[in-house]
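All remarks here apply to the structure that follows.
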2 protein chains.
Amino acid sequence: MSWRKEQRRAERGYHHGNLKEALLQAALDLIAQKGAAGFTFADAARMAGVSPAAPYRHFRDRDELLSSIAQRGFEQFEAALAQAWDDGRPDTVTAFERVGKAYLAFAREEPSFYSAMFESGLPSDANPALMAAGERAFAVIRAAAERLAALAPPGVPRPPAMMMALHIWSMSHGVASLFARGDAARRKLPMSPDELLEAEVLIYLRGLGFATDGRAQDGKGQADEKPAGPWGKPK
Amino acid sequence: MSWRKEQRRAERGYHHGNLKEALLQAALDLIAQKGAAGFTFADAARMAGVSPAAPYRHFRDRDELLSSIAQRGFEQFEAALAQAWDDGRPDTVTAFERVGKAYLAFAREEPSFYSAMFESGLPSDANPALMAAGERAFAVIRAAAERLAALAPPGVPRPPAMMMALHIWSMSHGVASLFARGDAARRKLPMSPDELLEAEVLIYLRGLGFATDGRAQDGKGQADEKPAGPWGKPK
DNA sequence: TGGCTCATGTAAGAGCTCTTCACATGAGCT
DNA sequence: AGCTCATGTGAAGAGCTCTTACATGAGCCA
């Protein structure tokens, strides 16, 4: 009763032709359905229409497939963040907030990548290329923080950009992994994850002395205006 | 060559007597070693010295065992946070920071619990008791935020306590899961996770208008003293 | 065109896990 | 003493991971 498999083979010949890509795609789909833990090498093979042994021609391991996905994820993540940052245009604070939104958007729209990247429990020393890709993604946040730190108001010691970057990253990751994904999002929130993160970052930046209200802060700032606060209007 | 097993049985008789507890403990140990994903039902049975089928008398599933652990984790977590909070003594801000430290300490000292709680990919609707335990733990943070919000300086619209609680939680979870655990901690940081989180929370609170320097803020605050900032001294 | 070679796929199998079943044991009650 | 039922066992099916030996055919070279 394996006419199904026979037929598939008839359609595409003995050689698949693009198995590596097909496996990566299949794995993404499977992770989306069943989570990074539930995904199975054999399942990916089945989905690609090849025998369970075929994937071993392209990936040493189930883990290597997973870390390939994570690596790609970091690359796309970096691209998304970099595009959102857009080198700080039109102004640093606006661009910075856009980065936060892009972070959440990625976590929401690419949950498979996100969980391969952060929740797959891969030994971090397994794949140097993976680590490097992660570093590059973080570098975008760090560069943005650098620029932001340079705008810090005088009079107060300037916050270390590295620290700011780590803070922003931890907020983003915290919101993303607690509230913005799959059934974790079932917790009933008083606001959307995006709003939550935006408020969080705004409050944080204000704590650093930034005037985060009028947005255009790069020079001519209207500093103190009794701001409405980053949380909506009181009812 | 199974004299080993025979001997164990001789020691403890046909019935284990406390298998459920033994399994939970074994699972914790295994998760600590190999991560929540790598842990195996059969392994736990072996470690407890019983046959692979025995655990099924106590847990419907591998997942049910995992969620039992997560539930216990939340209970201990709640206890740890509540103890740290100590009903806001000696003053709200100090106690609040203690909660943050307790959060990280738990993540660091009980990584098995922490990953069962937050990284095991359990369907959140699987176990109502689990969800309830999670809620109770969060309630501690929320209660603390409530008290803190009540101290918010006048003149600015008071921040919603729920939002503050979610913010604090996301920061804590973000720092914990990115920097304070296992080989994720291999990222070379300019400061310890504890310091990182403390600074983050302090900056955040300052952004809400709290004077977070002299600590005693509940009444007689020395408000403005050109604070050194929550990041150490500039070198 | 014919023939080589090697990357890519397959089949079969060992060893593992999960889970279920019928059956064994003995702790605690009557 | 005898019953009963919770608790543990052994065997077995189904699935997964990964290895090994073998099959196929695409690309190259003459």
**Q.** Nearest heavy-atom neighbours spanning Leu24(A) and Ser68(A)
**A.** CD2-CB, 4.0 Å
(Q) Starting the side chain at C-beta, find the nucleotide from dC16(D), dC18(C), dA11(D) nearest to Ala42(A). (A) dC16(D)
Q: Determine, for Phe59(B) and Lys20(B), whether the Lys NZ or Arg CZ falls below 6.0 Å from the six-membered ring centre while staying within 45 degrees of the axis.
A: yes
Q. Just by distance, do the side chain of His167(A) and the backbone of Leu196(B) share a donor-acceptor pair under 3.5 Å?
A. yes
Q.
Does anything in residues 26-40 of chain A come within less than 4.0 Å of DNA chain C? Heavy atoms only, and list the residues if so.
A. none
Q: Could you identify which residues of residues 59-68 of chain A place a heavy atom less than 4.0 Å from some atom of DNA chain D, listed by residue number, or say none?
A: Asp61(A), Arg62(A)
**Q.** Separation of dG26(C) P from Arg57(B) CZ (nearest whole Å)
**A.** 16 Å
Under 3.5 Å, side-chain donor or acceptor atoms of residues 74-86 of chain B against the rest of the protein: list the pairs with distances, not counting sequence neighbours.
{"unit_1": "Glu75(B)", "atom_1": "OE2", "unit_2": "Gln71(B)", "atom_2": "NE2", "d": "3.4"}
{"unit_1": "Asp86(B)", "atom_1": "OD1", "unit_2": "Arg89(B)", "atom_2": "NH2", "d": "3.2"}

Q.
Please check: side-chain N/O of Ser170(B) versus main-chain N/O of Val175(A), any donor-acceptor pairing under 3.5 Å?
A. no
Q. How close or far is atom P of dA6(D) from atom NZ of Lys20(B), stated in whole angstroms?
A. 14 Å
Q: Report the distance from atom CG of Leu19(A) to atom P of dG9(C), rounded to the nearest whole Å.
A: 5 Å
Q | Distance-only side-chain donor-acceptor flag, Glu119(B) / Ser177(B), under 3.5 Å | A | no
Q: Output yes when a side-chain donor or acceptor of Thr40(A) lies under 3.5 Å from a complementary backbone atom of Asp43(A), and no otherwise.
A: no
Q) Do the side-chain N or O atoms of His58(B) get closer than 4.0 angstrom to the phosphate oxygens (OP1, OP2) of dG8(D)? A) yes
**Q.** Any Arg46(A) side-chain N or O less than 4.0 Å from OP1/OP2 of dG15(D)
**A.** no
Q) In whole angstroms, how far is the C1' atom of dC16(D) from the CZ atom of Phe41(B)? A) 18 Å
Q: Could you state the atom-to-atom distance from OH of Tyr56(A) to C1' of dA14(C) in whole Å?
A: 13 Å
Q. Under 6.0 Å from the CZ atom of Arg72(A), do we count more than 12 heavy atoms belonging to anything else shown?
A. no
Q.
Quick check: closest heavy atoms across Pro193(B) and Leu104(B), and the distance to 0.1 Å?
A. O-CD1, 3.4 Å
